[in-house]
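Heads up, the thing below is written out as structure tokens.
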Amino acid sequence: MTVNDIKNAKIKAWVEECVKMCEPDSVVVCDGSRAEYDRLMKKCVDAGLATPLAKKPNSFLFRSLPSDVARVENRTFISSVKEEDAGPTNHWIAPKELKATMKGLYKGCMHGRTMYVLPFCMGPLGSPIAKYGVELTDSEYVVLNMDIMTRAGEQTWQYLGDDFIPCLHSVGKPLNNGEKDNGIWPCADVDHKYISHFPEEHLIWSYGSGYGGNALLGKKCFALRIATVLAREEGWLAEHMLILKLTNPKGEVKYITGAFPSACGKTNLAMLIPTIPGWKVETVGDDIAWMKFGKDGRLYAINPEAGFFGVAPGTSEESNKNALVAASKNTIFTNCALTEDGDVWWEGIGYPAKGKLVDWKGNVREALPKDKSPKGEEFAHPNARFTAPAKQCPCIASDWESPEGVPISAILFGGRRPSTIPLVHQARSWAHGVFLGSIVGSEITAASTINAADVGKIRRDPFAIIPFCGYNMGDYFQHWIDVGNNPSTNADKLPKIFYVNWFRKDDDNADLPGGFMWPGYGENSRVLAWVFDRCDGKDNFIDTPIGYMPKEGALNTDGLSDCYKKALPEILKVDREGWLKEVKDIRENHYPKFGKHLPKELSACLDDLETRLSK
Ligand code: GTP
Ligand code: SPV
Ligand code: MN
């Protein structure tokens, strides 16, 4: 099929306009077939950009440039007409100015390259919650990843209407005068990268990066930044959340979503293997949830994606076996190390590498005797990723593609907080839950910055969506309050809300691996079980100044290692002093940012928390 065969006149006109601006050598309308995938991958291998992996069927390794290893938040723009609508937490440039700048960059930017026209669907095809887009890109890597991450190609045309989301992408590296990539990842300088969203037009323009969320535009740009705007307009929720299916020993099922910032454990929680007998976790999604009210007044969630773009480092047989199996074939690896026998390796894979490794920068180095590397000298970049089809995950839920979604009983918020925040506490009400979401803080990780010096600093990341909200975060808080007041629902039907923290630290205790006071991973099932029972209204809690917490003996600790049993009282108590500091910081530094956009319900919760802590 060619551009001329595109039946939708609006899509065709937009493609033609972009072709005129970007001046690619050729244009290919993608069909999403296996043959096309193989052809594009071969092109990458021939150009020296991809390495086939002898040890994993139909799997390939890509290495990016050090300037293009993660999302670039300071180059990400919400270009609403009014600056106030982008709000205090987004970068804003007026649409006129940004478009003029970007048109200058787009002019002729695809010289020497092919423009791919990739129609795609976010969500199960035909689902009433699904949405459709078309990505134009000059990157084969992007097409290949989008093939795994979305339902793409031929199959989507019948659903594509005039309300499609146009997503324009270029790596920003024209090949003039017969120039070639010669094995070097194409992208533009940091100052020329623009990840831009025009919320009023529901339009995405991305330039200069080929990596992850900057370039696979169905993911963060569409399914979160533009979708948050659509969700507010249409009365639903687009969230940076995993979705899991939890079955208890009696065979009863509940679905739980969880919002943790980038590289804070969503993929791991979504695929965990419970350590407590009789419980089962299955995966519906690992990064994004779209939730809408069903006729029964409950919130139903779909996973808009079809694959996992997962953090590789730290993924081992022990921590996340299911992810390893999902990524054992038909997988794209990015910025992992390459072993002599043609496999990938990364820090935290669970065993030391042997012989020589090619590190993520392409340097050949002798492997270390340990499965660990000094900071800054990692063989795999800390934000190295695998792109794997979701259907290959051994614990994928049978209903993960249910068109109407799965009914949500609980929502978890969390982040990396070495102190203060306990292992788990529950909100007293929906508004209190919105308050908990609004105060989430976390250490910065390598997924959210290309500046290694920032990693580990704590920042507020309400709802884990600070980098992904397409409008004013104060209005976003209000939207959450409004969802709770939606006339089609009531308090009984709304999910219960919890705040969890797997990342409390005690660096002085040599018994604790990595200094973590909680073992995390499969052991998090102990907390999930408590949450499950809370949803059934079980008398397993105590009321504390910060909310409901497990009462003595309510958290299953059978078989938990002694060092964690010893640490448990500390991570299950209310640290009054720490919380009062938290209140002060929210009052003085966090909430004032939102000015008149901050819902009064949240200030009321803050006052209430302070009163309860001071009693
Ligand atoms: P994004 O894909 O960036 O949105 O990340 P994510 O939230 O899905 O994070 P992921 O599950 O990939 O985990 C990121 C890192 O955190 C990995 O290195 C994990 O090994 C580590 N991690 C995940 N869960 C836990 C946990 O319960 N405890 C500890 N200590 N580390 C964890
Ligand atoms: C994240 O950073 O939250 C990710 C990876 O899930 S990326 O797609 O690059 O945004
Ligand atoms: Mn994410």
Side-chain angles (χ1 to χ4, degrees), residues 1-44 102-103 105-123 125 130-175 186 195-198 201-210 214-219 221-223 226 304 306-307:
M1 150 169 194
T2 69
V3 176
N4 277 329
D5 302 319
I6 298 176
K7 290 203 184 77
N8 181 304
K10 196 173 159 195
I11 298 178
K12 186 160 172 264
W14 171 68
V15 175
E16 282 167 347
E17 187 192 318
C18 294
V19 170
K20 210 166 141 199
M21 177 164 72
C22 301
E23 300 170 0
D25 279 14
S26 57
V27 182
V28 166
V29 179
C30 297
D31 61 16
S33 65
R34 175 67 197 256
E36 180 181 86
Y37 187 93
D38 293 346
R39 187 162 42 80
L40 295 188
M41 190 59 91
K42 182 169 184 302
K43 198 168 168 184
C44 294
M102 289 190 74
K103 276 184 183 168
L105 293 168
Y106 277 134
K107 185 76 201 150
C109 72
M110 295 189 185
H111 284 178
R113 298 193 186 274
T114 301
M115 176 195 274
Y116 299 94
V117 180
L118 184 70
F120 64 93
C121 169
M122 298 311 290
L125 278 169
K131 300 218 174 259
Y132 300 84
V134 179
E135 177 156 356
L136 306 185
T137 179
D138 55 3
S139 162
E140 287 81 19
Y141 174 83
V142 165
V143 176
L144 293 163
N145 276 272
M146 286 286 286
D147 271 340
I148 298 174
M149 294 303 296
T150 72
R151 283 99 176 156
E154 200 71 33
Q155 53 182 347
T156 58
W157 282 115
Q158 61 171 304
Y159 302 101
L160 269 157
D162 282 354
D163 59 351
F164 77 102
I165 305 297
C167 309
L168 174 59
H169 171 255
S170 171
V171 293
K173 186 87 176 54
L175 297 169
I195 320 301
S196 305
H197 309 73
F198 303 92
E201 294 172 72
H202 303 162
L203 171 69
I204 300 163
W205 277 9
S206 167
Y207 182 91
S209 167
N214 301 331
L216 315 178
L217 301 187
K219 197 172 175 58
C221 298
F222 178 168
I226 293 298

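Position 1 is the first residue of the sequence, and the numbers go up from there. What you see is a predicted model, and the numbers here were worked out from it, not measured in a lab.
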Please tell me whether Glu135 and Tyr116 have a donor and an acceptor in their side chains that are separated by less than 3.5 angstrom. no

Pairwise distance [atom1]([X]) to [atom2]([Y]) - rounded to 0.5 angstrom:
{"X": "Leu203", "Y": "Ile226", "atom1": "CG", "atom2": "CD1", "answer": "7.5 Å"}
{"X": "Leu216", "Y": "Cys167", "atom1": "CG", "atom2": "SG", "answer": "11.0 Å"}
{"X": "Trp205", "Y": "Cys221", "atom1": "CH2", "atom2": "SG", "answer": "14.5 Å"}

Identify the heavy atoms of [X] and [Y] that sit nearest to each other, and give their distance.
{"X": "Pro119", "Y": "Thr156", "value": "CB-OG1, 3.2 Å"}
{"X": "Met102", "Y": "Ser196", "value": "SD-OG, 3.1 Å"}
{"X": "Met122", "Y": "Gly218", "value": "CE-O, 3.2 Å"}
{"X": "Ser139", "Y": "His169", "value": "CB-CE1, 4.1 Å"}
{"X": "Ala152", "Y": "Leu118", "value": "CB-CD1, 3.9 Å"}

Under the ring pair (Phe, Tyr, Trp, His ring centres under 6.0 Å) rule, collect the residues that match up with Trp157, sequence neighbours excluded. none

Would you mind checking if Glu16 and Lys12 are paired as a salt bridge, meaning a charged N to carboxylate O distance below 4.0 Å? yes

I want to check something: taking the side chain as every heavy atom from C-beta on, are [X] and [Y] in contact at a cut-off of under 4.5 Å?
{"X": "Ser170", "Y": "Met110", "value": "yes"}
{"X": "Tyr207", "Y": "Cys109", "value": "yes"}
{"X": "Asp138", "Y": "Met115", "value": "no"}
{"X": "Arg113", "Y": "Val171", "value": "yes"}
{"X": "Leu168", "Y": "Leu217", "value": "no"}

Set of side-chain hydrogen bond (donor to acceptor under 3.5 Å, both in side chains) partners for [X], sequence neighbours left out:
{"X": "Asp162", "value": "Asn8"}
{"X": "Asp5", "value": "Thr2"}
{"X": "Ser209", "value": "Asp68, Asn214"}

Residues that Lys42 engages under salt bridge (charged side-chain N to carboxylate O under 4.0 Å, His left out), provided they are two or more places apart: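 Listed in chain order: Asp46.
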
Does the side-chain contact (heavy atoms from CB on, under 4.5 Å) test come out yes or no for Ile6 and Met1, once each step is laid out? CA-CA 8 Å; Ile6 298 176; Met1 150 169 194; 3.8 Å; yes

With Tyr132 as reference, evaluate Ile165, Leu160, Asp163, Thr150 under the side chain to side chain contact (heavy atoms under 4.5 Å, CB included) test and give the passing residue. Leu160

Determine whether Met149 and Phe120 satisfy the following criterion, side-chain contact (heavy atoms from CB on, under 4.5 Å), listing intermediate values before the conclusion. CA-CA 10 Å; Met149 294 303 296; Phe120 64 93; over 6 Å; no

Output every pair passing side-chain hydrogen bond (donor to acceptor under 3.5 Å, both in side chains) with a member in residues 23-41, not counting sequence neighbours, ordered by first then second residue.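 Sorted result for residues 23-41: Glu23-Lys107, Glu23-His111, Ser26-Thr114, Asp31-Ser33, Arg34-Asp38.
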
